[in-house]
Number of protein chains: 2
Amino acid sequence: MRLDQFDLALLEAVQQDATISQQDLGARVNLSSAAVNRRLKKMNMHGVIRKTVALVDPAHLGYALTVITEVEVESERLDLLDAMKRSFLACPQVQQCYYVAGACDFVLVMLVRNMEEYTQLTRELFFESNNVKGFKTLVSMSNVKVGTAVPVGSEGH
Amino acid sequence: MRLDQFDLALLEAVQQDATISQQDLGARVNLSSAAVNRRLKKMNMHGVIRKTVALVDPAHLGYALTVITEVEVESERLDLLDAMKRSFLACPQVQQCYYVAGACDFVLVMLVRNMEEYTQLTRELFFESNNVKGFKTLVSMSNVKVGTAVPVGSEGH
DNA sequence: CATGAAAGAAGCCGTAC
DNA sequence: GTACGGCTTCTTTCATG
């Protein structure tokens, strides 16, 4: 799908705040509310906009700790990797999981209430998998930036 | 702010899809649309819901690569660290940045169009800071999970 | 104090131009 | 692309347990 300057301007706006009314969006990008409606609907259908969600502050739900875990696997056998991926996907505390090339194999970003909860999770996710050679834990002291906005237009030099 | 079962059920729903109408939400949790409206407004004001945003598919904007970078700093002097944090915050390709305890000091999750863009960013962010001892690059081969939903209720173990 | 019902305001979205 | 109009959704008020 081809995106013009109007689409990009709309994407930039709704990535910051999806509650802005379509006529306010129109005023911002110089378009009628009907045109805004059509463009947003199109981008939703084409998957440019994956979904619209509320972002919840983890602290208000007791999730005080962000932990990053680098996991090294024993075997790269596809069925074993898939089983691991599935267990990471199913775990609600796992916010993100990347399968990476490099020194380790998986990088996980997790949200936990306390260290006990993390310890418990490492048992479930790593020890019980029987395919984890080792893992390294990095505890976040400061979540400097936790963003969701994809760069739009010419921001990225 | 104290959250009851209704609030938690609403949070769980709007974290998945914030476009559901308030009366549909009400039907789901057994509450009138007016009550849903009041509760959502309250949680917005108290910061339990930080914001509501559209999630954009990076691939549709040409951002094909996810790169994780572990940065080791030269000096832990506060003013130098702050300057680094600011530069990470200001960089739109940096999706997340954590200041961590452990083997390295910063973990960055970045979204780039290609390796050239990443190389260019490492120059701007790391070499020009004059406070980076070294960094390790992990390229994601598969974004297994990139979620935003904070666990709610008894999902956690 | 939070709820549900109902009325008024605001926003969405199809049709026409 | 814009302008209009019906229809849905939101939001406030008010009486109630």
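In what follows, chains are A, B, ... by sequence order, proteins preceding strands, each numbered from 1.
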How far apart are the closest heavy atoms of [X] and [Y], and which atoms are they?
X      : Y     : answer
B/A9   : B/V29 : CB-CG1, 3.6 Å
A/F88  : A/V94 : O-CB, 3.5 Å
B/Q16  : A/V53 : O-CG1, 3.6 Å
B/L125 : B/S87 : CD2-O, 3.8 Å
A/T52  : A/A18 : CG2-CB, 3.6 Å

A/D7 and salt bridge (Lys or Arg N to Asp or Glu O under 4.0 Å): which partner among A/R2, A/R38, A/R39?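 Only one option passes, and that is A/R39.
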Option among A/K145, A/Q96, A/Q95 that satisfies the side-chain hydrogen bond (donor to acceptor under 3.5 Å, both in side chains) test with B/Q96: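 With B/Q96 as partner, side-chain hydrogen bond (donor to acceptor under 3.5 Å, both in side chains) holds for just one option, A/Q96.
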Just how far, in rounded Å, is P of D/dC10 from CD of A/Q22?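 So the two atoms are 13 Å apart, to the nearest Å.
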Could you state the atom-to-atom distance from CG of A/N37 to P of D/dT9 in whole Å?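 Atom-to-atom, A/N37 to D/dT9, this comes out as 14 Å.
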Please map the stems of DNA chain C, keeping only stretches of three or more Watson-Crick or G-U wobble pairs with both distances under 3.5 angstrom.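 Looking at DNA chain C, the stems formed by three or more consecutive pairs are C:1-7 with D:11-17, C:9-17 with D:1-9.
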Do other residues, nucleotides or ligands put more than 12 heavy atoms under 6.0 Å from the CD atom of A/E76?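 Enclosed.
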If you restrict it to nitrogen or oxygen atoms, what contacts under 3.5 Å exist between nucleotides 2-5 of chain D and the protein, and what is each distance?
from: D/dT2; atom 1: OP2; to: A/S32; atom 2: N; distance (Å): 2.9
from: D/dT2; atom 1: OP2; to: A/S32; atom 2: OG; distance (Å): 3.1
from: D/dT2; atom 1: O4; to: A/R38; atom 2: NH1; distance (Å): 3.4
from: D/dT2; atom 1: O4; to: A/R38; atom 2: NH2; distance (Å): 3.3

Linking Ile, Leu, Val, Met, Phe, Trp and Tyr through side-chain heavy atoms less than 4.5 Å apart, which residues share a cluster with B/V107?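 Its cluster mates, by chain and number, are A/I68, A/Y98, A/V100, A/V107, A/V109, A/L138, A/V146, B/I68, B/Y98, B/V100, B/V109, B/L138, B/V146.
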Quick one: how far along DNA chain C does chain A reach, first to last nucleotide 5' to 3', anything under 4.0 Å to a heavy atom?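 Going 5' to 3' along DNA chain C, contacts run C/dG11 to C/dG14.
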Determine whether A/V14 and A/I20 satisfy the following criterion, side-chain contact (heavy atoms from CB on, under 4.5 Å), listing intermediate values before the conclusion. CA-CA 8 Å; A/V14 296; A/I20 307 171; over 6 Å; no
Check whether the side chains of B/S129 and B/N131 place a donor and an acceptor atom closer than 3.5 Å, and report yes or no.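 No pair is found: no donor N or O on one side chain lies under 3.5 Å from an acceptor on the other.
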Pairs in or reaching into residues 21-36 of chain A: which pass side-chain hydrogen bond (donor to acceptor under 3.5 Å, both in side chains), with residues at least two apart or in two chains?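 Every pair satisfying side-chain hydrogen bond (donor to acceptor under 3.5 Å, both in side chains) with a residue in residues 21-36 of chain A: A/Q22-A/N37.
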Tabulate protein N/O versus nucleotide N/O from nucleotides 6-8 of chain D, keeping only pairs under 3.5 Å, one per line.
none

Measure up the A/F135 and A/F127 rings against each other and bin them: parallel (under 30°), tilted (30 to 60°), perpendicular (over 60°).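 Aromatic pair A/F135/A/F127 classed perpendicular.
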